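These notes concern the structure reproduced below.
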Amino acid sequence: MNNGAKMIFPKALNLDNLIFRIGEVSKMLNVSTRQLRYWEQKGYIQSMRNKCGESRVFDMKNFMCINLMKYYLNQGFTLAKSHEFAKQNLKNMKLLRNFMTNSFQGIENVNDRPAINLGYFDKEQTSILYGFIDNEDSVSYKVIKK
DNA sequence: CTTCTAACA
DNA sequence: TGTTAGAA
């Protein structure tokens, strides 16, 4: 049923190579360049420099960190707290991403419905766990014998 | 045009 | 933090 296209998703979707300049980040996340430089000075975020003394460049990890910090700041938290929460979020996202890439085995059709193959359910590898999207915000699971 | 640093009616 | 200035 599935050809070579099924495993592309997790590994080919690598956004970690994307980098942004300070002005781009500022516009995209509604954070002033002044703030970004200050946050870096405080050690909350890191940037790479093109050349010595040249302009700042942020990678995806820091982009996400800035995005999260902005979110918590909007919630009324202090800068320090916002960074603390953002840092924890990044850890959780890394964990979740690792879990997803390792559990995702492809999209298949089960009972005429799109089903997400989440790998073997038991150690003996006799049954597989499938996940289903019921609605926009509802999922369900089913264990099926091979 | 963009970014950098430093300083402040 | 905003907003400048002059330089790169």
Side-chain angles (χ1 to χ4, degrees), chain A residues 1-121 123 125 128-144:
Chain A
M1 170 179 291
N2 289 288
N3 47 31
K6 78 170 183 176
M7 290 304 291
I8 290 178
F9 163 65
K11 294 178 181 176
L13 191 63
N14 186 5
L15 278 54
D16 292 335
N17 293 327
L18 293 181
I19 53 178
F20 306 106
R21 300 177 67 187
I22 192 170
E24 300 174 314
V25 175
S26 177
K27 290 176 183 174
M28 286 188 283
L29 303 182
N30 281 305
V31 178
S32 69
T33 57
R34 174 77 166 87
Q35 284 176 299
L36 293 174
R37 296 188 184 99
Y38 180 68
W39 295 0
E40 180 181 32
Q41 179 193 325
K42 299 287 287 185
Y44 294 144
I45 57 177
Q46 299 82 219
S47 72
M48 312 181 311
R49 302 298 182 104
N50 284 333
K51 301 169 185 176
C52 265
E54 208 65 25
S55 54
R56 276 167 252 257
V57 173
F58 295 96
D59 57 20
M60 269 304 293
K61 180 183 177 183
N62 281 280
F63 180 84
M64 291 302 298
C65 186
I66 294 165
N67 185 212
L68 289 165
M69 286 179 69
K70 173 66 176 180
Y71 169 80
Y72 287 115
L73 283 174
N74 286 339
Q75 300 301 307
F77 293 102
T78 64
L79 185 60
K81 271 295 176 188
S82 295
H83 172 253
E84 183 183 326
F85 291 150
K87 197 177 173 185
Q88 186 57 52
N89 265 270
L90 287 176
K91 281 185 181 177
N92 292 341
M93 290 173 72
K94 183 179 180 181
L95 194 73
L96 180 60
R97 179 173 173 172
N98 196 288
F99 178 85
M100 290 302 294
T101 56
N102 283 300
S103 63
F104 179 77
Q105 300 298 319
I107 305 294
E108 300 174 16
N109 256 47
V110 176
N111 298 329
D112 207 31
R113 295 184 58 198
I116 301 173
N117 185 330
L118 296 173
Y120 292 110
F121 184 72
K123 210 158 194 172
Q125 302 189 347
I128 294 177
L129 173 64
Y130 284 98
F132 299 88
I133 307 292
D134 299 323
N135 302 301
E136 285 294 318
D137 47 39
S138 176
V139 299
S140 61
Y141 303 92
K142 199 168 190 176
V143 177
I144 301 179

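As the structure is a computational prediction, the values presented were derived from the model and not from experiment. Chain letters run A, B, ... following the sequence lines, proteins first, then strands; residues in each count from 1.
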Open item on the list: In this structure, how many angstroms lie between the C1' atom of B:dT3 and the CD atom of A:Gln41, rounded?
Closed with: 17 Å
Task: Residues A:Arg21 and A:Glu24 bridged, charged N to O under 4.0 Å - done: no
Task: A:Phe85 side, atom CZ; A:Met69 side, atom CE - distance, nearest 0.5 Å - done: 12.0 Å
- [ ] Test side-chain contact (heavy atoms from CB on, under 4.5 Å) on A:Lys70 and A:Asn30 and set out the steps.
- [x] CA-CA 8 Å; A:Lys70 173 66 176 180; A:Asn30 281 305; 4.2 Å; yes
Task: Interatomic distance, A:Met48 CE vs B:dC4 P [rounded to whole Å] - done: 13 Å
Open item on the list: Quick check on C:dG2: is either OP1 or OP2 less than 4.0 Å from any side-chain nitrogen or oxygen of A:Ser32?
Closed with: yes
Open item on the list: Need one value for A:Thr33: base, sugar-phosphate or nothing, where a base atom within 4.0 Å counts as base even if backbone is also close, heavy atoms only.
Closed with: nothing
- [ ] Find the distance A:Leu36:CG to C:dG2:P and express it as a whole number of Å.
- [x] 10 Å
Task: Rounded distance (Å) that lies between atom P of B:dT5 and atom OH of A:Tyr38 - done: 16 Å
- [ ] Taking the side chain as every heavy atom from C-beta outward, state whether A:Tyr130 and A:Leu118 have any atom pair closer than 4.5 Å.
- [x] no
- [ ] Measure the distance from NZ on A:Lys42 to P on C:dT1 and round it to the nearest whole Å.
- [x] 10 Å
- [ ] Check the distance between B:dT3's C1' and A:Arg34's CZ and give it to me in whole angstrom.
- [x] 15 Å
TODO: Mind calculating the distance between CG (A:Leu79) and P (C:dG2) to the nearest angstrom?
DONE: 12 Å
- [ ] Figure out the CD/C1' separation between A:Glu24 and B:dT2, and round it to whole Å.
- [x] 10 Å
- [ ] Side chain of A:Leu73 only, please: which of B:dT3, C:dT1, B:dT5 is the nearest?
- [x] C:dT1
Task: Complement of C:dT1, any strand, by Watson-Crick or G-U distances under 3.5 angstrom - done: none
TODO: Could you tell me whether the phosphate oxygens of B:dT2, OP1 or OP2, come under 4.0 Å of any side-chain nitrogen or oxygen in A:Arg21?
DONE: no
